[in-house]
Colleague: 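The structure under discussion is supplied below as structure tokens; questions concerning it will follow.
Note that the coordinates shown come from a computational prediction; the quantities given were computed from them, not determined experimentally. Just so we're on the same page: letters track the sequence lines, and every chain starts at 1.
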Amino acid sequence: MAAAKRPAPSLIRAIVRGKSSFLLLLITPVKDAIARLRLAFETAFVTAFGPELAGTDPVLVPASNPKFGDYQANVALSLAKTLGQPPRDIASAIVSALAIDDLCDPPTIAGPGFINLTLKADYLLDQLRASHQSDRLGIQTVAHPQRIIVDFSSPNIAKEMHVGHLRSTIIGDSIARVLEFLGHDVLRLNHVGDWGTQFGMLITHLRQVAPAALTNPDAIDIGDLVAFYQKAKQRFDNDDDFKEQSRQEVVCLQSGDPESRRAWQLLCDQSRREFQKIYDLLDIRLTERGESFYNPMLPEVVAALVETQLLVEDSGACCVFLEGFVNKDGNPLPLIVQKSDGGYNYATTDLAAIRYRIGTDQADRVIYVTDAGQANHFAQVFQVARRAGWIPDNVELVHVPFGLVLGEDGKKLKTRSGDTPKLKDLLSEAIERSRTDLHNRLTTEERTESPEFIGHVATTVGLSAVKYADLSQNRISSYAFSYDKMLALQGNTAPYMLYAYARIQSIGRKAAVNLSQLDSTQLHLSDDSEWMLLKHLLRLDEVLEAIATELMPNRLCEYLFDLSKKFNQFYDRCPVLNAPDPDRTSRLLLADTTARTLALGLNLLGIQVLDRM
RNA sequence: GGGUGCGUAGCUCAGUGGAUAGAGCAACCGCCUUCUAAGCGGUCGGUCGCAGGUUCGAGUCCUGCCGCACCCGCCA
């Protein structure tokens, strides 16, 4: 695979500093260091071994250990066989041909043939200046923005949001934030469950026991609605007459019967208001486009499948038989797109959504953030869409699966039983526990704070803790929900990171200078911890780029945790305010850049920072 | 039975085909006249589920097996 496919960024940008002074700087974010190293290596390959090696991947990766430098190129090892030479000889030939004096100290060859690269101090300091002066910390937007749909959260109307919606909501939000920050055109869609069988049963039941709820917007509240839903579900499972009536009701609704539609509209509005409270609390922005939106398009989906000759009728249902999926008897499994009673199901809706998102929304990439249990479903739906020819080559559909939120006992929280914790209760408890912690601390530290301060800190810490605990896990695996762990003040938690930020803000307040206008012309770093911190700061763009590709927010958490640790090490070893210049200014600049990096990173996780806590 | 995913330190988990596998928690030992000790340094802790294979090199890729979780025809 050819390396260095990335487009060369524009290198020159004017920076306005203060009111009168202009500086013209070469801005080369550190990711350009890798890009430039790649180019240099490619040139060196050709110089050293001839044109047939053009386009060889230099296998450049961050050094596995700081003592080896900043980056290492492992290419010599992989070339040993094709070139028929010892790797160390190859490495030495590459190094002789390598023109990177402006970027790196002289490369060294180590072990079996690793080429170790250490970025020049001046280069790093230039990068720090550039980051500090940039309101985006030197992170450029992508050269070719994509239209990206992130489909997440997706609660069901007439049910309360529960813990099962937590992960989709905050993982989806974080992914959307990262992609937006990188300059993509992101459409955040809430594919709410506002259609289908469940509505038939609910409306049928309400018509019989609480008809007012179907005509009066405020007749019942959401909690009652949930109880009604549970009762309706129970009747549906046990009463054949009721089941039949419910199915009829679905048909009425889907065919546009005015009375059914009005009832449905009322139920949706009521749920919507409840959802919005939680989204406001969590600072989540979403565009609602529920399953019902696709209702008019469902017959087209079936018709289009007929045209492609993929559609097969089986026991009265319209199916597409799948490749690679078999039932217990070893026969191909069908994806049912129209039930024997003429109704459509969620596979049909998802196919319609794919067609609409590609055809009308012009999406380049569609990201589905749902639990891992739906992996089969998406694999099947994607397969049918692909075989039907609905997915152009340049469009990517991707399921972003995540594991379950378990109780502290390690058992799954059931989604369909009544005792599933409600999301709003869970968030409230996190906030309350955070408030209690804060009170205890204020008491022991003999501090007095206003009720506003306490309320704001408790809410921010509580919600951040919940979000961070979730996002910091590898999303594939399930995790046990523990208030004690997520609110812990030490370890890889939101409070630890918020504290690191607050410490820096405290320095900033006492420094009594405008941090955005520090004079960066005389930077001087002396301690190892300063260099470690600086190098880590400059890695942010690599991390964001990886997240945009792999859609793993835990990478960002890991980066921020490392950053906090490196800052605390720096803080421990390097006095800032009492240091003589140029150390003082250099350290203030490092601290300020760290604070802004933390704030940005946490913001991309959906977490707000606190100046004091 | 078929499919998907996961098995890494006592516990919870990171880990991008590269050098001696890393954090946090817990335990133990140190460090506050100095910018928020919610911090920092150190000690202890591993047959990366098992067995093969590919590779110069495997926790990572492939195959088989064991264990756990989830999914499997008209719910979403």
Colleague: For B/rU36, does either OP1 or OP2 sit under 4.0 Å from a side-chain N or O belonging to A/Lys510?
Modeller: yes
Colleague: Between B/rG18 and A/Phe114, is there a base-stacking contact, meaning the centre of the base's six-membered ring lies under 5.5 Å from the residue's ring centre while the planes stay under 30° apart?
Modeller: no
Colleague: Under a 3.5 Å cut-off for both distances, is B/rU33 Watson-Crick or wobble paired, and to whom?
Modeller: none
Colleague: Between A/Arg584 and A/Asp581, does any NZ, NE, NH1 or NH2 come within less than 4.0 Å of an OD or OE carboxylate oxygen?
Modeller: no
Colleague: Under 3.5 Å, is there an N or O donor on one side and an acceptor on the other linking the side chain of A/Lys67 and the base of B/rU20?
Modeller: yes
Colleague: How is A/Ala80 classified with respect to the nucleic acid when contacts are heavy atoms under 4.0 Å: base, sugar-phosphate, or nothing?
Modeller: nothing
Colleague: Tell me what A/Ile476 touches on the nucleic acid: a base, only sugar-phosphate, or nothing, going by heavy atoms under 4.0 Å.
Modeller: sugar-phosphate
Colleague: Regarding A/Leu333, tell me which of base, sugar-phosphate or nothing describes its non-hydrogen contacts under 4.0 Å with the strands shown.
Modeller: sugar-phosphate
Colleague: On the nucleotide B/rA37, are OP1 or OP2 found under 4.0 Å from the side-chain N or O atoms that A/Arg503 carries?
Modeller: yes
Colleague: Give a yes/no on whether any side-chain N or O of A/Asn474 is located under 4.0 angstrom from OP1 or OP2 of B/rG15.
Modeller: yes
Colleague: Please pick, from B/rC70, B/rC35, B/rA76, the nucleotide with the shortest atom-to-atom distance to any side-chain atom of A/Leu404.
Modeller: B/rC70
Colleague: Distance check: side-chain N/O of A/Gln490 vs OP1/OP2 of B/rG39, anything under 4.0 Å?
Modeller: yes
Colleague: Mark yes or no: A/Arg503 above the aromatic ring of A/Tyr571, with NZ or CZ under 6.0 Å from the six-membered ring centre and no more than 45 degrees from the axis.
Modeller: yes
Colleague: When the P atoms of B/rG42 and B/rC25 are compared, how many Å lie between them, rounded to an integer?
Modeller: 14 Å
Colleague: Report yes or no: is the cationic atom of A/Arg289 (NZ for Lys, CZ for Arg) closer than 6.0 Å to the six-membered ring centre of A/Phe293, at no more than 45° off its axis?
Modeller: yes
Colleague: Would you please confirm or rule out a distance under 4.0 Å between OP1 or OP2 of B/rU12 and any side-chain N or O of A/Lys485?
Modeller: no
Colleague: Between A/Asp237 and A/Lys233, is there a salt bridge with N-O shorter than 4.0 Å?
Modeller: yes
Colleague: Please pick, from B/rG18, B/rG24, B/rA14, the nucleotide with the shortest atom-to-atom distance to any side-chain atom of A/Ser78.
Modeller: B/rG18
Colleague: Reckon A/Ala372 touches a base, only the sugar-phosphate, or nothing at all at heavy-atom distances under 4.0 Å?
Modeller: nothing
Colleague: Is there a donor on the side chain of A/Gln72 or the base of B/rA19 sitting less than 3.5 Å from an acceptor on the other?
Modeller: yes
Colleague: Pairing donors with acceptors under 3.5 angstrom, does anything connect the side chains of A/Asn116 and A/Tyr71?
Modeller: no
Colleague: With RNA chain B as reference, determine whether A/Arg475 or A/Asp572 sits nearer its 5' end, using the nearest nucleotide of each.
Modeller: A/Arg475
Colleague: When we call it a touch if two heavy atoms are under 4.0 Å apart, what does A/Asn568 touch: a base, just sugar-phosphate, or nothing?
Modeller: sugar-phosphate
Colleague: May I ask you to check whether over 12 heavy atoms, not counting those of A/Lys231, lie within 6.0 Å of atom NZ?
Modeller: no
Colleague: If you check the A/Gln569 side chain, which of B/rA76, B/rU36, B/rG41 turns out closest?
Modeller: B/rG41
Colleague: What integer number of Å spans the P atoms of B/rA26 and B/rU12?
Modeller: 15 Å
Colleague: For the side chain of A/Asn578, starting at C-beta, report the closest nucleotide among B/rU12, B/rU36, B/rU34.
Modeller: B/rU34
Colleague: B/rA37, OP1 or OP2 - any side-chain N/O from A/Tyr571 closer than 4.0 Å?
Modeller: yes
Colleague: Just N and O in the side chain of A/Ser477: are any of them under 4.0 Å from OP1 or OP2 of B/rU12?
Modeller: no
Colleague: Using purine N1 to pyrimidine N3 plus N6-O4 or O6-N4 for Watson-Crick, or N1-O2 and O6-N3 for G-U wobble, each under 3.5 Å, what pairs with B/rC11?
Modeller: B/rG24
Colleague: So which nucleotide from B/rC13, B/rG24, B/rC75 ends up closest to the side chain of A/Phe561?
Modeller: B/rG24
Colleague: Please name the nucleotide paired to B/rG17 by Watson-Crick or G-U wobble geometry with both distances under 3.5 Å, or report none.
Modeller: none
Colleague: Is it the case that more than 12 heavy atoms not belonging to A/His456 sit under 6.0 Å from its NE2 atom?
Modeller: no
Colleague: Which sits closer to the 5' end of RNA chain B, A/Ser315 or A/Pro62, going by the nucleotide each is nearest to?
Modeller: A/Pro62
Colleague: Can you tell me whether the side chain of A/Ser64 and the base of B/rA19 have a donor-acceptor pair closer than 3.5 Å?
Modeller: yes
Colleague: Is A/Arg555 near enough to B/rA14 that one of its side-chain N or O atoms lies under 4.0 angstrom from OP1 or OP2?
Modeller: no
Colleague: When you get a sec, tell me which of B/rG73, B/rC13, B/rG15 is the closest nucleotide to the side chain of A/Asn554?
Modeller: B/rG15
Colleague: Measure from the side-chain heavy atoms of A/Asn376 and tell me the nearest of B/rG2, B/rC35, B/rC56.
Modeller: B/rG2
Colleague: Looking at B/rU36, B/rC35, B/rG73, which one has an atom nearest to any side-chain atom of A/Asp314?
Modeller: B/rG73
Colleague: Quick check for you: among B/rA76, B/rC13, B/rC35, whose closest atom lies nearest to any side-chain atom of A/Gln473?
Modeller: B/rC13
Colleague: What nucleotide, of B/rA19, B/rG73, B/rG39, holds the atom closest to the side chain of A/Tyr496?
Modeller: B/rG39
Colleague: Which part of the nucleic acid, if any, lies within contact of A/Ala110, taking any heavy atom under 4.0 Å across all strands shown: a base, the sugar-phosphate backbone alone, or nothing?
Modeller: base
